[in-house]
Each structure stands twice: as C-alpha cells, then as structure tokens.
Trainee: 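Below is a structure I'd like to ask you about.
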Amino acid sequence: MRRRLLTSTLVVAVIAVLLLGVPLGIVVSRLIVDEAAQELRAEATRLVGEVEYARIQDTPLDPQQLKQKYPDRYIQIYERATQPKATIVGVPPPSGHQMTEDAQSENGIYVRVSRDRDQVEQDVRARLLLIVALAVAALAVAVGLAIVQSRRLTLPLQDLAKIADRLGSGDARPSKHRYGIPELDRVAQVLDRSATRISDLLTREREFATDASHQLRTPLTGLTMRLEEIVAASEHPEVVREEGEAAIVQAERLTAVIDELLAAARRQRHAQAKPVGIDEVLVQQVTEWEPVFRGEGRSLLLEGSRGLMALATTGGFGQVIASLLENSLRHGGGTVTVTTTSGDNYVVTEVSDEGPGIADDIAPKVFERNVSGAGGTGLGLTLARALAAADGGRLELVRRRPATFAIFLRHAEDNDRTRVVSGPA
C-alpha cells in the first residue's frame with residue numbers, strides 16, 4: 001500500500017510539474033528575449049536623441065564615452081547631412097549570433113545597436129535551470145509528503161492489525177490509540193470496545209474458576225470426611241448407612257454449589273429467590289460443620305428465633321453460612337454462635353465468635369477481593385457478599401471485636417405482598 005501511495009503521488013506530481021513547468025519555461029524564454037530586444041530598442045532611441053543634441057550643440061561624439069556608457073554593445077551611428085558619416089563603437093558580435101535593433105530621426109540620423117545573442121541565451125538557460133530546480137524541489141516535497149502520508153495511513157493499519165492479532169491471542173488490553181483520521185479512529189474505538197468486552201469475559205471466567213475452586217473445597221472436604229467415616233465403620237452397617245446418607249447429602253450440596261456458581265456467573269440468581277426456611281439451612285450447616293469444630297476443640301451453637309422464612313435460594317444462603325463458618329474456623333476463636341432474629345423488613349442471621357476480631361486497617365475492605373488479614377485466599381467473604389446480594393439481601397460486618405457478620409434477607413411475606421400489589425385490581 002505504501003508503494004502504491006508513493007507511486008501515485010509521484011505520478012500526479014510529475015504530471016503537475018510538466019503541465020505547469022513546460023509552459024512556464026516557454027513563457028520565460030520569450031519574455032527574456034523580448035525584454036532584451038526592448039532594451040536594445042530603447043538604447044537605440046536614446047542614442048538618436050544624444051546624437052541630435054550633440055549636433056545642436058555642435059559637439060563631436062566621444063566614442064570612448066559611449067563605450068563606457070553602453071558596455072557589451074556594438075553601436076553604428078550614421079549622420080546624413082551633406083555627406084554620410086559613420087561612428088563605430090565596440091566590437092561586432094560573431095556572425096549569426098547578433099541581436100540588432102535600429103532607430104532613426106527625421107533629421108537623417110540613423111543608429112543601429114547590436115549585442116551578442118549568446119548572452120541572452122545564457123540568461124534563458126539560467127532561468128530554465130532555476131525552473132527545473134524548482135520543479136525537482138516540488139517533486140521532492142511531493143515525495144516527502146507522500147512518504148509522510150503513507151506512513152500516517154499504513155502505520156495505523158499495521159498497528160490495528162497487531163491489536164487484532166493480540167486480541168486473537170488472548171491479550172485483551174485496550175490500546176486507546178488514536179490517529180487523527182476519523183475512519184481509523186472509528187475502527188480503533190470498535191477494537192477497544194471489543195477488547196473491553198473480551199477482557200470482561202476473560203476476567204469473569206477467571207473469577208468463576210477461582211470462585212469454583214474456593215467454594216467447592218468445603219463440600220468436598222465434608223464429603224471426604226463422610227467417606228472416611230464409612231471406611232472406618234465398614235464393620236457397622238448402621239453407621240455405614242448413616243454416613244452414606246450424609247455423603248449423598250454432601251454430593252447433592254456439591255451439585256447445588258456448582259449450579260449456584262454457574263447461575264451467578266450468568267447473572268441469573270436474583271430471579272430464582274423464593275421463600276426458604278432459615279432453620280432448615282442452618283441446621284444442615286451446623287450438622288456438617290459441628291464435627292469439624294469439635295475436632296478443633298471448639299463449639300458451634302444455634303440460637304435465636306425459629307420458624308423464620310426469607311426470600312433466598314437454599315444453595316446461595318447455605319454457601320454464605322458455610323463461608324462465614326469457615327472464616328470463623330480459620331481466623332476466629334472460641335465458641336461460634338449462629339443467631340437468627342426477625343426485624344421489621346429483614347430476617348437477620350448473625351455469625352459471631354470469641355476470637356481477636358478484625359484489625360482496624362482490614363475492616364473497611366474486608367469484603368474486597370483478595371483481601372485477607374490472616375494469610376487466607378481473600379475470596380470467601382467476597383463471594384459470600386456477592387451471593388447474598390444475588391438473593392436480594394446483603395452481608396455486613398456489624399462488629400469488629402468480636403467479629404460478627406450479619407446476613408439480611410427480605411421476609412418471605414414481602415414477596416407475597418408484592419404479588420398482591422402488582423396483581424390485577
């Protein structure tokens with residue numbers, strides 16, 4: 001493309017120079033010749049006047065003075081009074097190279113002035129060389145502008161090709177390059193928007209993979225514990241049956257976790273919220289986590305109001321509780337208490353422990369991704385808050401010392417009232 005631009009620009013410049021330079025050279029040549037002829041004619045007319053003045057004053061002409069006054073001229077002066085008389089000044093030009101102009105008066109004075117034509121032609125050649133030099137300079141400028149323009153057009157295209165190739169290879173960073181050319185800038189904007197969308201998709205995929213690995217760890221740990229109990233109690237059928245049923249529950253919960261993660265990745269969980277029995281989810285979580293806490297020499301208690309119903313998803317709410325219990329197990333201390341209460345607008349579930357609490361510098365950003373005060377992954381609380389929000393609720397840190405987290409979920413009755421209000425009158 002660059003070569004085509006250079007070639008086309010050079011061809012256009014050459015045609016323009018020829019169309020303008022050739023007529024200009026012809027006109028300049030004729031003007032120089034005409035100007036030289038007019039100058040000779042003016043000199044001859046002036047000499048006629050000088051000769052007449054000298055005759056009136058009865059003063060003889062001085063050839064030396066005329067030679068100084070009209071250098072490089074061959075002058076012939078004829079006076080026809082009583083007898084012809086000629087005055088010659090200068091050296092005659094070579095034969096065939098003369099440029100001559102005549103003038104005469106009514107009193108019989110005749111003057112012929114000649115000069116060497118080679119001097120005029122030399123002046124013509126000098127002017128033509130100047131025109132040629134200007135034409136070459138114009139061509140050089142045209143080529144320079146063509147090079148600049150071709151770079152301005154081709155380099156952005158090459159840059160855009162690199163950006164597109166980079167997008168195809170998975171590097172989805174927007175370039176934000178602009179080139180001052182509306183069409184190319186529009187293409188660059190489209191590529192930047194595509195890069196942003198691809199980057200969001202890749203980020204979402206990475207987050208999903210990270211979240212899945214984090215959230216699946218707890219159910220897999222519980223399932224492993226149940227299987228170990230089955231192996232250890234292989235000689236006691238009743239224990240094997242009980243632990244097998246618990247393992248099935250764990251596997252079902254694992255499936256639910258996967259479904260919840262997929263739904264969260266697709267941004268579909270909020271529409272699935274429905275009335276859920278809080279006790280059922282909390283009892284299940286306490287039953288699963290109590291052996292783990294007992295193994296660490298700690299206690300897990302369930303207190304508060306019973307029989308509460310809230311708008312949520314069983315899997316999502318269960319994962320939030322599991323994340324808070326795991327957080328208390330890893331970073332807290334003493335007895336962990338799960339308390340349920342009913343407020344005016346929300347069903348509140350608090351999870352607190354007797355540990356040292358959360359440091360003041362960590363507390364404001366405890367729900368931010370990859371923020372952990374004790375060497376954790378920094379994902380549990382972030383995912384828990386996202387899951388609570390997806391159910392239309394919220395997760396808050398209500399006390400720093402001891403650490404107390406509260407889950408606020410809407411009453412199930414609020415959903416019924418909403419249906420009544422929005423129904424037909």
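Start at 1 with the first residue, then count along the sequence.
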Trainee: So do W289 and V336 actually touch side chain to side chain, heavy atoms under 4.5 Å?
Mentor: no
Trainee: How would you list, by chain and number, every residue that makes a side chain to side chain contact (heavy atoms under 4.5 Å, CB included) with S342, sequence neighbours excluded?
Mentor: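 Partners of S342 by the side chain to side chain contact (heavy atoms under 4.5 Å, CB included) criterion, ordered by chain and then number, come out as L308, H411.
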Trainee: Just jot down the side chain to side chain contact (heavy atoms under 4.5 Å, CB included) partners of D118, sequence neighbours excluded, or say none.
Mentor: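 With neighbours one apart ignored, the set is H97, D116, E121.
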Trainee: Hey, could you give me the CE/CZ distance between M309 and R410, rounded to the nearest 0.5 Å?
Mentor: 14.0 Å
Trainee: Of all the heavy-atom pairs spanning Y74 and P93, show the shortest one and how long it is.
Mentor: CB-CD, 3.9 Å
Trainee: In terms of side-chain geometry, is the basic nitrogen of E43 or R41 positioned less than 4.0 Å from the acidic oxygen of its partner?
Mentor: no
Trainee: Can you list the residues that meet the side chain to side chain contact (heavy atoms under 4.5 Å, CB included) rule with D102, with sequence neighbours excluded?
Mentor: T100, Y110, R112
Trainee: Supply the atom-to-atom distance D279 CG to L302 CG, rounded to the nearest 0.5 angstrom.
Mentor: 7.0 Å
Trainee: Applying side chain to side chain donor-acceptor pair (under 3.5 Å), can you list everything that pairs with E350, at least two apart in sequence or on another chain?
Mentor: none
Trainee: Without swapping roles, check the side chain of T340 against the backbone of S305 for a donor-acceptor pair under 3.5 Å.
Mentor: yes
Trainee: Got a sec, which residues hit side chain to side chain donor-acceptor pair (under 3.5 Å) with E296, two or more places apart in sequence or on another chain?
Mentor: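 If we apply the side chain to side chain donor-acceptor pair (under 3.5 Å) test to E296, skipping adjacent residues, there are no hits.
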Trainee: Just by distance, no angles: are the side chains of S105 and E52 close enough, under 3.5 Å, to form a donor-acceptor pair?
Mentor: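 E52 and S105 do have a side-chain donor-acceptor pair below 3.5 Å.
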Trainee: Give every residue pair that meets the salt bridge (Lys or Arg N to Asp or Glu O under 4.0 Å) criterion with at least one member in residues 12-29, sequence neighbours excluded.
Mentor: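 Qualifying pairs: none.
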Trainee: Less than 3.5 Å apart, which donor and acceptor atoms pair up between the side chains of residues 123-138 and the rest of the protein, not counting sequence neighbours?
Mentor:
none

Trainee: Does NZ or CZ of R298 lie under 6.0 Å from the centre of the six-membered ring of F293, at an angle within 45° of the ring axis?
Mentor: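 Relative to the ring axis of F293, which defines the angle, R298 lies outside at least one limit.
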Trainee: Does some side-chain heavy atom of P182 sit less than 4.5 Å from a side-chain heavy atom of R186?
Mentor: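 With C-beta onward as the side chain, the pair touches.
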Trainee: Using a 6.0 Å distance limit plus a 45 degree cone around the ring axis, check whether R115 lies over the aromatic ring of Y70.
Mentor: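 Judged by the rule (NZ or CZ under 6.0 Å from the ring centre, within 45° of its axis), R115 is not positioned above Y70.
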Trainee: With the side chain counted from C-beta on, respond yes when L387 and T313 share a heavy-atom pair under 4.5 Å apart, and no when they do not.
Mentor: no
Trainee: What residues, two or more places apart in sequence or in another chain, satisfy side chain to side chain donor-acceptor pair (under 3.5 Å) together with S8?
Mentor: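 Listed in chain order: nothing, the list is empty.
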Trainee: Please indicate whether E35 has more than 12 foreign heavy atoms, meaning atoms of other residues, nucleotides or ligands, lying under 6.0 Å from its CD.
Mentor: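 Open.
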Trainee: When you check the gap from the basic side-chain N to the acidic O, do R73 and E39 get nearer than 4.0 Å?
Mentor: yes
Trainee: Check the pair E303, V338 against side-chain contact (heavy atoms from CB on, under 4.5 Å), reporting the backbone distance first and the verdict last.
Mentor: CA-CA 6 Å; E303 299 179 351; V338 181; over 6 Å; no
Trainee: Identify the two heavy atoms, one from A310 and one from L409, that lie closest to each other, and give their separation to 0.1 Å.
Mentor: CB-CB, 3.7 Å
Trainee: Considering non-hydrogen atoms only, spot the tightest contact between G304 and T339 and give its length.
Mentor: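 Of all heavy-atom pairs spanning G304 and T339, the closest is CA-CG2, 4.2 Å.
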Trainee: Under 3.5 Å, is there a donor-acceptor pair between the side chain of T382 and the main chain of E368?
Mentor: yes
Trainee: Would you mind reporting whether Q76 and V89 have side-chain heavy atoms less than 4.5 Å apart?
Mentor: no
Trainee: Can you measure from CZ (F405) to CG (L381) and round to the nearest 0.5 angstrom?
Mentor: 4.5 Å
Trainee: Heavy-atom count check: over 12 atoms from other residues, nucleotides or ligands less than 6.0 Å from Q98 CD?
Mentor: yes
Trainee: Would you mind listing every side chain to side chain donor-acceptor pair (under 3.5 Å) that reaches into residues 398-407, with sequence neighbours excluded?
Mentor: D360-R400, D360-R401, R399-T404
Trainee: So do L383 and Q319 actually touch side chain to side chain, heavy atoms under 4.5 Å?
Mentor: no
Trainee: Run the numbers on I278 and F317 for side-chain contact (heavy atoms from CB on, under 4.5 Å), then give the verdict.
Mentor: CA-CA 9 Å; I278 299 298; F317 181 54; 3.8 Å; yes
Trainee: Where is the tightest heavy-atom contact between V120 and A36, given as atom of each residue plus distance?
Mentor: CG2-CB, 3.8 Å
Trainee: What distance separates I77 CD1 from I75 CD1, expressed to the nearest 0.5 Å?
Mentor: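 With rounding to 0.5 Å, CD1 (I77) is 6.0 Å from CD1 (I75).
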Trainee: Could you pull out the closest heavy-atom pair between A384 and L395, with the gap in Å?
Mentor: CB-CD2, 3.6 Å
Trainee: Where do A412 and L311 come nearest, in terms of heavy atoms and distance?
Mentor: CA-CG, 4.0 Å
Trainee: Walk me through whether I407 and L324 qualify under side-chain contact (heavy atoms from CB on, under 4.5 Å).
Mentor: CA-CA 10 Å; I407 308 167; L324 295 178; 3.7 Å; yes
Trainee: Kindly write out the residues that satisfy side chain to side chain contact (heavy atoms under 4.5 Å, CB included) with S299, not counting sequence neighbours, or none if the list is empty.
Mentor: T335
Trainee: Tell me the salt bridge (Lys or Arg N to Asp or Glu O under 4.0 Å) pairs involving residues 5-32, sequence neighbours left out?
Mentor: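 Every candidate salt bridge (Lys or Arg N to Asp or Glu O under 4.0 Å) pair involving residues 5-32 fails, so no pair, neighbours aside, qualifies.
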Trainee: Please check if the side chain of D391 supplies one atom and the backbone of G393 the other of a donor-acceptor pair under 3.5 Å.
Mentor: no
Trainee: Check the pair E396 / R385 against side-chain contact (heavy atoms from CB on, under 4.5 Å), numbers first and verdict last.
Mentor: CA-CA 8 Å; E396 303 289 345; R385 168 170 272 194; 3.2 Å; yes
Trainee: What's the spacing between Q285 CD and L325 CG if we round to 0.5 Å?
Mentor: 6.5 Å
Trainee: What pairs with K69 under side chain to side chain donor-acceptor pair (under 3.5 Å), at least two apart in sequence or on another chain?
Mentor: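 Listed in chain order: E50.
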